[in-house]
There are 2 protein chains.
Amino acid sequence: MSTAPTVYDVAERSGVSIATVSRVYRNPDSVRAQTRERVLAAARDLGYVPSGNARGLASRSTGVLGLCFPDYADPDTDAEDDDAAMLYSDQIIRGMERAARRHGYALLIAASLKGGPESLVAKVAGRVDGFAVLARTVPTEELEGISRRRPVVMLAGPREEGDHLDHLDHIEVANFDGQRELTRHLVEDHGLRRLAFVGSAEESPDVEARFQGFLAACRATGVEVPDEPAVRAVMMTQAEGARAADALCDRDGGPPQALVCANDQMAVGALHALERRGLAVPDDVAVTGFDGIPLGRLVRPTLTTVRQPMLRMGEEAVELLVRRLNGTPDADPVSLMLPVTVARRASCGCGPEEQAAVAIGA
Amino acid sequence: MSTAPTVYDVAERSGVSIATVSRVYRNPDSVRAQTRERVLAAARDLGYVPSGNARGLASRSTGVLGLCFPDYADPDTDAEDDDAAMLYSDQIIRGMERAARRHGYALLIAASLKGGPESLVAKVAGRVDGFAVLARTVPTEELEGISRRRPVVMLAGPREEGDHLDHLDHIEVANFDGQRELTRHLVEDHGLRRLAFVGSAEESPDVEARFQGFLAACRATGVEVPDEPAVRAVMMTQAEGARAADALCDRDGGPPQALVCANDQMAVGALHALERRGLAVPDDVAVTGFDGIPLGRLVRPTLTTVRQPMLRMGEEAVELLVRRLNGTPDADPVSLMLPVTVARRASCGCGPEEQAAVAIGA
DNA sequence: GCGCATTCTGTAAGCGCATACATGACTCTG
DNA sequence: CAGAGTCATGTATGCGCTTACAGAATGCGC
């Protein structure tokens, strides 16, 4: 692992100047074929790999796009089953990677833990030409500064009015419409009326939108519910979902007829908690989630949920970034809303077979 | 999107030298608190983000690890169902990301398409401190050169004897043992004797090892099979799996009793093809895969397969890289073999419930 | 108040590459 | 065969940061 060879080494070995070496890589046609071969041969001999850092510094661009996402993994779950570990951020990653590749970019990913918030984004931001951020992964103020200098697209968080971030491109899904339709389904098609929403609306604008959709459906169907979520979860993990389910069951009046969870992970946690208590899903309590992670189809009963088009979200994010990168850097901010689908599965009482679903919203 | 501020701007604005600005970020304690605050305030005002390129250049390290993987996605499948798009590389990505984060690294990922092979690895290699490569993603010779200058770990390809790459760290799974056990199960527990192996052994050393495991089980149980795979697939995608299934059914003597596929994607493709032909799985033909991707549990019948611990593979890869990076760069190459588990599900005739599985190999 | 040990901060020299510009070698024209 | 025009290559500079090293400021004991 000796010191890596540089353009200088290659230049010396092939008897040309460093400029020529550089040209061989950046603009091969501008070098005579014979010279080029000599240079490439020397490079091969030396095991030369151009330094991305130096290249980036000199050319002011990296050829890399980035993604910052929160780490919502349930540590315990993963150990026993890889599948369960695939969260929705993973699908966004794949979507972005694929689209990035099409445009000649690589993808740099980093999850933030509550720990060093600043370092994370800064690290990513400093190494990419542009990046996407999953809602609330990064403190607003920090993004504010960063986004002045390079393209950033917000994912999954509705734009915040009056916020300093409204100059950012933005992609969200039909949280409101999706949750409203799912809730309507519970009430009208399954006749459930005592519903409880699980999830902290303050935590994330997505959850807030979902909760509002939930409320809208309740009002429209004449179901009474409190003006705020029955249980606030801090993290949106399985553990929190289980805790929420337990808390709701222990309340006066017993468990509600349906647990409407703000995401799939909490719903799965609730499923487990209810099973431990000997309550049957969906007969005693219906449970629904939101997201459409693979795990939702692996649990029993299979989880009724609202599916987000996550791959597409990742792809669209890249498209927006690329557009800004070559062309219209100062165009007005774009705001996309992608449609969702309600996946009716077993946990709401729809039986084992998944029902055909239609796109909702946007 | 004006020119981004630099240390110089921050230095000027806060009335210090650029060295002090740098120190504030690299080594905060070495700067007086009062000075530090001034600098940070100026940085905040300007929206300053340190350039990763410049930092990397000057400090000769990037704080980034990389992963190169092949793109085996089935383009058509993805559109209709995000879940189906989650391949095994995605799980490796997650495993690596998580471990990388623990060690303070970000992760750069890039899939290679057959197209520009060189540019891909070179690009990644030039931007990271070390990286992992999924078997055969990268031409051997190219890796040869690169790996002389920075840590590389090979994933999922058995080390090739006499190869120039045997100085690389290496992680594989118990391909041979896993496939042998699965094959034994088909023959001894289900009484199947006309088996066909689908997959090109030349393409990948993993497939070769699996095929050898298949052969070993056949010999041990007295089942006769040809010395090479019944069908060679070029890509290991669903489309290829379907084609293979069709080809085998059209042969003289009709379909075999079992299709032993070299990976899950091909197995799923075979499942579809058989269904189209009106053949029942597992009653007419049993089908098995290898990998344990989430999709395998979503198809009907659920897919019997050999599960690889992919998350763990990603994590171990990072551990190996990190170890080389800080400490023992020239230690002897490490070779890890991770155990697999046989997941007995419906497609081999074991019924809908997944059977408890035990670790095999290593 | 002085000398010396400690901080703290500034100066300067790269890190490896891209690229504008200058130079040199040819070819072509008249 | 001189001069203009091409093409290939070299020279020189700077990208934004880190980091010895040196220098200034501060604190301490006496």
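Chain naming here is simple, since letters A, B, ... match the order of the sequence lines and numbering starts at 1 in each. For the numbers below, each heavy atom of this structure counts, side chains included, while hydrogens, waters and symmetry mates do not.
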Tell me which residues in residues 50-62 of chain B lie within less than 4.0 Å of DNA chain C, going by non-hydrogen atoms.
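Correct list: B:Leu57, B:Ala58, B:Arg60.
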Quick one: do A:Thr62 and B:Arg127 satisfy side chain to side chain donor-acceptor pair (under 3.5 Å)? Show the steps, please.
CA-CA 9 Å; A:Thr62 65; B:Arg127 307 204 75 86; 5.0 Å; no
Closest non-hydrogen atom pair, [X] against [Y]:
X: A:Leu168; Y: A:Pro333; answer: O-CB, 3.6 Å
X: B:Met337; Y: B:Val173; answer: CG-C, 4.0 Å
X: B:Ala132; Y: B:Ala317; answer: CB-CB, 4.3 Å

Applying side chain to side chain donor-acceptor pair (under 3.5 Å), run through B:Arg55 and B:Ser22 and close with a yes or a no.
CA-CA 10 Å; B:Arg55 177 175 293 185; B:Ser22 176; over 6 Å; no
Show which side-chain atoms of residues 28-35 of chain B pair as donor or acceptor with protein atoms under 3.5 Å away, not counting sequence neighbours.
unit_1, atom_1, unit_2, atom_2, d
B:Ser30, OG, B:Asn27, O, 2.8

Under a plain distance cut-off of 3.5 Å, with no hydrogens placed, do A:Thr3 and B:Arg60 share a side-chain donor-acceptor pair?
no
Length of the [atom1]-[atom2] vector between [X] and [N], whole Å:
X: B:Arg26; N: C:dC8; atom1: CZ; atom2: P; answer: 19 Å
X: A:Glu37; N: D:dT9; atom1: CD; atom2: P; answer: 12 Å
X: B:Leu46; N: D:dG16; atom1: CG; atom2: C1'; answer: 15 Å
X: A:Asp9; N: C:dG16; atom1: CG; atom2: P; answer: 9 Å
X: A:Arg32; N: D:dT9; atom1: CZ; atom2: C1'; answer: 9 Å
X: B:Lys123; N: C:dC17; atom1: NZ; atom2: C1'; answer: 16 Å
X: A:Tyr25; N: C:dC17; atom1: OH; atom2: P; answer: 9 Å
X: A:Arg23; N: D:dA12; atom1: CZ; atom2: P; answer: 14 Å

Base of C:dC15, side chain of A:Tyr8 - is there a donor-acceptor contact under 3.5 Å?
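Not at all, since no donor on one side and acceptor on the other fall under 3.5 Å apart.
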Is there a residue in residues 14-21 of chain B whose heavy atoms reach under 4.0 Å of DNA chain D, and which residues are they?
B:Ile18, B:Ala19
Has B:Asp169 got a side-chain atom pairing as donor or acceptor with B:Val334's backbone, closer than 3.5 angstrom?
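Yes: the side chain of B:Asp169 pairs with the backbone of B:Val334.
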Reckon B:Ser22 touches a base, only the sugar-phosphate, or nothing at all at heavy-atom distances under 4.0 Å?
base
A:Glu319/A:Arg323 ion pair, N-O < 4.0 Å:
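A salt bridge is absent here (no side-chain N lies under 4.0 Å from a carboxylate O).
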